[in-house]
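Quick notes on the structure that follows.
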Amino acid sequence: LCPFHGEKTPSFTVSQEKQFYHCFGCGAHGSALGFLMNHRGLSFVEAIEEAARGVGLEVPYEGGAAPSTPKVDYSPIYDVLQRAQQYYSRQLRAHPDRDRVVNYLKARGLSGEIAKRFSIGFAPDSWDSLIQFIGPDDEAQRNLIASGLVVENDNKRRYDRFRDRIMFPILDRRGRVIAFGGRVIDKGEPKYLNSPETPVFHKRRELYGLFQVRRSKTNVERILVVEGYMDVVALGQFSVNNAVASLGTATTTEQLEMLFRTAPEVIFCYDGDSAGRCAAWRALETTLPLIKDGRRAG
């Protein structure tokens, strides 16, 4: 079946001999690099690096050497974040408190299918449940701290950052888990708690839901920018699959450039209260300098 449009009868073919793919249904076609760019939302250089990693090759850079700043291997941090996402998802299915969490999600109008699509999970009300799950290995524990999932205080005591919260994994353009947002279920402060800045997560450069938008369709005509995780997921529940949310900050220039590379039109949909109006005005001030031929905002 074609990954670029919905179909019931397969019409997607790959020619290993000629090194291209083609869909006889929607017309999508291209090379292996083009597939990574269109299906994974990668830039040309990112697609080259991704393909090279898959076959164990080093990417040659201009001048015959890699950039002067050596690349740091953050794969252990990505690995521990992925393991944490699997753990949180499993807790939503199996933890003794799961009914309380599931009932809350149902009350918000969310189905199990949409929870699965966004990999929503649950962080138990425990100071060390994730620490215990990852295990005592010292390197794994250091990666937990580097990922922002575990906090180490001045006395060298470690504890889980997220406790008794609904967990929303934040994905980068390649679909890797890079951070989490956690929402309280009952009353509590803060209502939303985000991962801190880490070596793999810079909130000014990321948007919640953008990976899912790019996966849902090839040609995105417009993107909706909403206020929070629950807004994105609730819209997805009603088949509005082109919504994203900034991560607790005003929409940044970096985020807008990412959006305009994905779709020619960006629509801001904020609450009508004073905070929403202030956010809309800041978005206007940030967006206007970026408007040029072929770009629209509202």
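Each residue takes its place number in the sequence, starting with 1.
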Is [Y] close to [X] at the side-chain level, that is, under 4.5 Å between some pair of heavy atoms?
| X | Y | value |
| --- | --- | --- |
| F168 | V233 | yes |
| I77 | T198 | no |
| D172 | F201 | no |
| R215 | Q212 | no |
| D186 | Y104 | no |
| I170 | V177 | no |
| F268 | L224 | no |
| Y78 | I178 | yes |

With a 4.5 Å cut-off on side-chain heavy-atom distances among I, L, V, M, F, W and Y, is there a chain of contacts connecting [X] to [Y]?
| X | Y | answer |
| --- | --- | --- |
| V184 | M167 | no |
| I291 | V266 | yes |
| L284 | F260 | no |
| Y88 | I114 | yes |
| V220 | L290 | yes |

Chi angles and distances behind the salt bridge (Lys or Arg N to Asp or Glu O under 4.0 Å) call for R295, E257: CA-CA 11 Å; R295 291 181 174 182; E257 288 290 1; 3.0 Å; yes

For [Y], does its backbone N or O pair with a side-chain atom of [X] as donor and acceptor, under 3.5 Å?
| X | Y | value |
| --- | --- | --- |
| E265 | I223 | no |
| R277 | G272 | yes |
| D128 | I131 | no |
| Q19 | S31 | no |
| D271 | D273 | no |
| R98 | R93 | yes |
| R165 | K191 | yes |
| S129 | D125 | no |
| E221 | P264 | no |
| S147 | L144 | yes |

Please lay out, stage by stage, how H202 and E254 fare under the test side-chain contact (heavy atoms from CB on, under 4.5 Å). CA-CA 11 Å; H202 307 282; E254 295 95 326; over 6 Å; no

Would F162 and L130 count as a side-chain contact (heavy atoms from CB on, under 4.5 Å) here? Give the steps. CA-CA 9 Å; F162 296 98; L130 181 61; over 6 Å; no

Between [atom1] on residue [X] and [atom2] on residue [Y], distance to nearest 0.5 Å:
| X | Y | atom1 | atom2 | result |
| --- | --- | --- | --- | --- |
| E206 | F211 | CD | CZ | 12.5 Å |
| L256 | T286 | CG | OG1 | 6.5 Å |
| T251 | L207 | OG1 | CG | 7.5 Å |

Do other residues, nucleotides or ligands put more than 12 heavy atoms under 6.0 Å from the [atom1] atom of [X]?
| X | atom1 | answer |
| --- | --- | --- |
| R100 | CZ | yes |
| R163 | CZ | yes |
| E285 | CD | yes |
| H22 | NE2 | yes |

For D79, is there an ion pair with R83 - N to carboxylate O distance below 4.0 angstrom? no

Looking at R142, R158, R161, which hits salt bridge (charged side-chain N to carboxylate O under 4.0 Å, His left out) with E152? R158

The criterion is salt bridge (charged side-chain N to carboxylate O under 4.0 Å, His left out); which residues satisfy it with R117, sequence neighbours excluded? none

Close aromatic pair by centroid cut-off 6.0 Å: F12 and Y21: yes

Excluding sequence neighbours, so at least two apart, what forms ring-ring contact (aromatic ring centres under 6.0 Å, His included) with F133? Y87

Please assess L92 against L105 for the test side-chain contact (heavy atoms from CB on, under 4.5 Å), listing each intermediate value before the final yes or no. CA-CA 11 Å; L92 184 59; L105 294 173; 4.3 Å; yes

Y192: partners by side-chain contact (heavy atoms from CB on, under 4.5 Å), with sequence neighbours left out: R183, Y229, M230

Would you please test F20 and V14 for side-chain contact (heavy atoms from CB on, under 4.5 Å) and show each step? CA-CA 6 Å; F20 73 84; V14 174; over 6 Å; no

Heavy-atom closest contact (V213 atom, N241 atom, distance): CG2-O, 3.6 Å

